[in-house]
Amino acid sequence: MTQNQPEQHEGLEAFLQRFFGAGNGVWPGLDPDYRFKDRTLPFVEALRRGDDVPAVLPRAYTDRDRFVVYVIARESGERAKTAELIRAFAGPTYITYDEQVGIQPVWLDPADPVEQAIREYAGERTTFRLETGRTLEHRRNLAGALELMQRTQARRPPRMWRVAKPIGRLLAEFDAALSAGAETASSVVLDHLAAAGVTAANLANLRIKRLDRLGRSEELLQLPELADVVQQNLPLPVREAILNAVHAALEQPLAEGDLPAALARLEERGRFVPALLHTAVGDLGTPALSVLLLAATVLEDLPALRRLAGAVQGQARTDALPPLLWQEAQRVLAEDDEVAEPRADVAPGPQIAADDTPQAGQGVDSWPAFLVAVASGSSEGTAAIEERSWSAWPPPADHDAALANLLDGLENQAAEEAWRAVGAFIEAVGYAAPAGLTAHAFVRNAVAFDRFGPGDLAALQALAEIALRAAPSAQTYAELLDEIGAYRSRWVSPERAAIALDFVDRLFLAACPDQQSRATLAYNLLEPLWRHQQRLNEADLAFAKRLSGEMDVPFSWQERAVSDGDQESPLSDLPSMKLLLYSLDEAVLTRCAEEIKQLAPGVDAARSSDHVGSAQLRQKARSADLVVIATRCAKHAATGFITQHARTQHIFYADGSGSASMLRAAVAGLRSAAGSH
């Protein structure tokens, strides 16, 4: 808004009168003689000038002792960017928020005159409501941090504020975040994609894939857009995600041999399954295949049932299915065979293959061909990513040198496109045979193209883990560590402490052929955190202390984290609770459990790295007061099993795959669980 637009000016002034009217005691009626107006005037002036920054408006409730600051994004597409700015300038030091959810816009109360004024002026879901401690000092600190945010952003060229990542790059970052187990980061990137204009159908597909990875079956099946989604030509992973969610309800009765109960659950939860019945079996997991087989049996869809049964036998997967399910399918087929009259005078029709549905990306059948296709921006490469065609190929380690050479030899545009394959690469490697040369080449790609977004950083950490696990030479090791640390000033901060600590944690766990390089990177990543340690939360501070000692980096750390609100009791005072930690990285589980034992002796931390559900895992999930899950490379069979059997509502996800990420999630979860007791 500018001053030469009378209508907008009048509308703004009317809004300000309402905002500072009934219900707000910060600057009553914008009275020019009000003695404390100078505290609020800079925010009002910034809004009146039309600065290219989020609006910041404070409020003191007149009917209670409560102070909040509203930060209003200039438009809905800038919500994610506004959240990043709030986190960078106010962070956990000056405001209170749930770290698992992050800083999110709020639903404003239409019955509140102040919030209704904001709704009418700025619309829904563009406003953040920030709270801090109750003292005057807390309030001044928050106001000062947000005033600095506005001044800093106003001095920058508008292009720095408006610049947006291309959708292709955001999609790559989303895939990378999912594969690297960055739960919060994937949510942030999803918000960016929504703001970038991704179609509703594609956005729904991405949301389904994310919920499947997290094992949140109930939430997936309750998505309001699901009825429309299943009517479309869905990628195979999205189909499988929906079937996985249905299977979560059927798993127990099938395992117990209770067919009537399984059928009742299918009728209750499987209303979308008939639309997916003719999905090609391909590389569907056993849970999804079980749902299709049971649905075809119940519906007596004999062509579909024969196709599915043929695929199961052709792939020798009968032993993987629940015996009751396979027996029932065979019974229905046998009954049909008995009543069918053979027609000797008619030539037999064509046999239905196990995978008769055409699959996109079939022309790409190996990792080298895949990387070439993705780098060229071809539709075959995109289709192979969407359909997860790579899951059927020999692992990347079989082509490690060739893939690394391909990546290093790409021109700029092709190298930019090649990052789309990083999520698939991380997931395909998992914790099996590492493809260290390729991982290192992807690290060089990330550094060269300034990939330091939330999802990119999680991918970078996963790539470093893969490269280090491949036992590089001393020279290669030193080069890798130098590349990771070269641009640390762009991403190491108290708000991203867990990422930096995960890197140092991996340095400690991995074999070290060059002590000097390791010590240099450890120092460079820990030093910014040490300088700003008063802004670290209790989990990050505790783990930074541990790593500082383990890596022989002699920093002096404060005893306790500084609380940003009312003083919290120490973790050692938490009541007795049972915690379940789940990750496929057993070293991470061990280190996280050790640290929790030090911080909260009353907490009993059980651990699991099972790939599938088991009686032992069921018992751990059922008895836990809190569950913390690291999703990197985890299979739905395990994460879905845990969320299905957990009796607690306190299920937290690590925003990464390292020990620091898991510890941060565990501490936040323990606080939450203790607060609800």
Consider only side-chain N and O atoms of [X] and [Y], and report whether a donor and an acceptor are under 3.5 Å apart.
X    : Y    : value
H247 : Q644 : no
T520 : S517 : no
E417 : Q413 : yes

With side chains defined as the heavy atoms from C-beta onward, is the minimum distance between [X] and [Y] less than 4.5 Å?
X    : Y    : result
V628 : I651 : no
W390 : R388 : yes
E84  : H192 : yes
L299 : P274 : yes
V627 : Y582 : no
Q313 : W326 : yes
Q461 : S657 : yes
E387 : P237 : yes

Practice task
With side chain to side chain contact (heavy atoms under 4.5 Å, CB included) as the test, would you mind laying out the steps for L481 and L507 before giving the verdict?
Solution key: CA-CA 9 Å; L481 269 54; L507 288 179; 3.8 Å; yes
Counting distance only, does the side-chain N/O of [X] pair as donor-acceptor with the main-chain N or O of [Y] below 3.5 Å?
X    : Y    : value
N202 : V198 : no
R469 : A432 : yes
D610 : G613 : no
D175 : G423 : no
E173 : G455 : yes
S583 : L589 : no
R74  : T82  : no
D505 : L501 : no
D301 : A296 : no
T643 : T639 : yes

Problem - Within 6.0 angstrom of Q475 CD, more than 12 heavy atoms from elsewhere - result: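 Counting other residues, nucleotides and ligands, CD of Q475 stays at 12 neighbours or fewer.
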Practice task
Evaluate whether atom CD of E586 has more than 12 neighbouring non-hydrogen atoms of other residues, nucleotides or ligands under 6.0 angstrom away.
Solution key: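 Counting other residues, nucleotides and ligands, CD of E586 stays at 12 neighbours or fewer.
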Measure the [atom1]-[atom2] distance between [X] and [Y] for me, rounded to the nearest 0.5 Å.
X    : Y    : atom1 : atom2 : answer
R210 : S186 : CZ    : OG    : 4.0 Å
Y431 : H611 : OH    : NE2   : 10.0 Å
S609 : D585 : OG    : CG    : 9.0 Å
I642 : L617 : CD1   : CG    : 4.5 Å
H440 : L468 : NE2   : CG    : 9.5 Å
N205 : R239 : CG    : CZ    : 10.5 Å

Salt-bridged, [X] to [Y], with N to O below 4.0 Å?
X    : Y    : answer
R213 : E427 : yes
R664 : D655 : no
R269 : E218 : yes
R444 : E479 : no
E183 : R216 : yes

Problem - side chain to side chain contact (heavy atoms under 4.5 Å, CB included) between R451 and R169, intermediate numbers included - result: CA-CA 10 Å; R451 304 188 195 279; R169 183 159 177 173; 3.6 Å; yes
Problem - Steps toward side chain to side chain contact (heavy atoms under 4.5 Å, CB included) verdict (Q231, F272) - result: CA-CA 9 Å; Q231 302 303 321; F272 300 119; over 6 Å; no
Give the minimum heavy-atom separation between [X] and [Y], together with the two atoms involved.
X    : Y    : value
S389 : A383 : OG-O, 4.5 Å
R496 : F452 : NH1-O, 3.3 Å
P434 : I466 : CB-O, 3.6 Å
P396 : V429 : CG-CG2, 4.0 Å
V364 : A369 : CG1-C, 3.8 Å
G436 : D400 : N-OD2, 3.3 Å

Practice task
Please assess T476 against S473 for the test side chain to side chain donor-acceptor pair (under 3.5 Å), listing each intermediate value before the final yes or no.
Solution key: CA-CA 5 Å; T476 301; S473 66; 3.0 Å; yes
Problem - Residues L203, L190; criterion side chain to side chain contact (heavy atoms under 4.5 Å, CB included); working and verdict - result: CA-CA 8 Å; L203 204 61; L190 198 59; 4.1 Å; yes
Problem - Output field: ring centroids W419/F425 closer than 6.0 Å - result: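 Here the rings of F425 and W419 have centres that are no less than 6.0 Å from each other.
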Practice task
Classify the angle between the aromatic ring planes of W367 and W393 as parallel (below 30°), tilted (30 to 60°) or perpendicular (above 60°).
Solution key: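 Rings of W367 and W393: perpendicular, as their planes differ by over 60°.
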Handout entry: Identified side chain to side chain contact (heavy atoms under 4.5 Å, CB included) partner of L308 from the options L284, V281, L294
Key =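 Among L284, V281, L294, the one that satisfies the side chain to side chain contact (heavy atoms under 4.5 Å, CB included) with L308 is V281.
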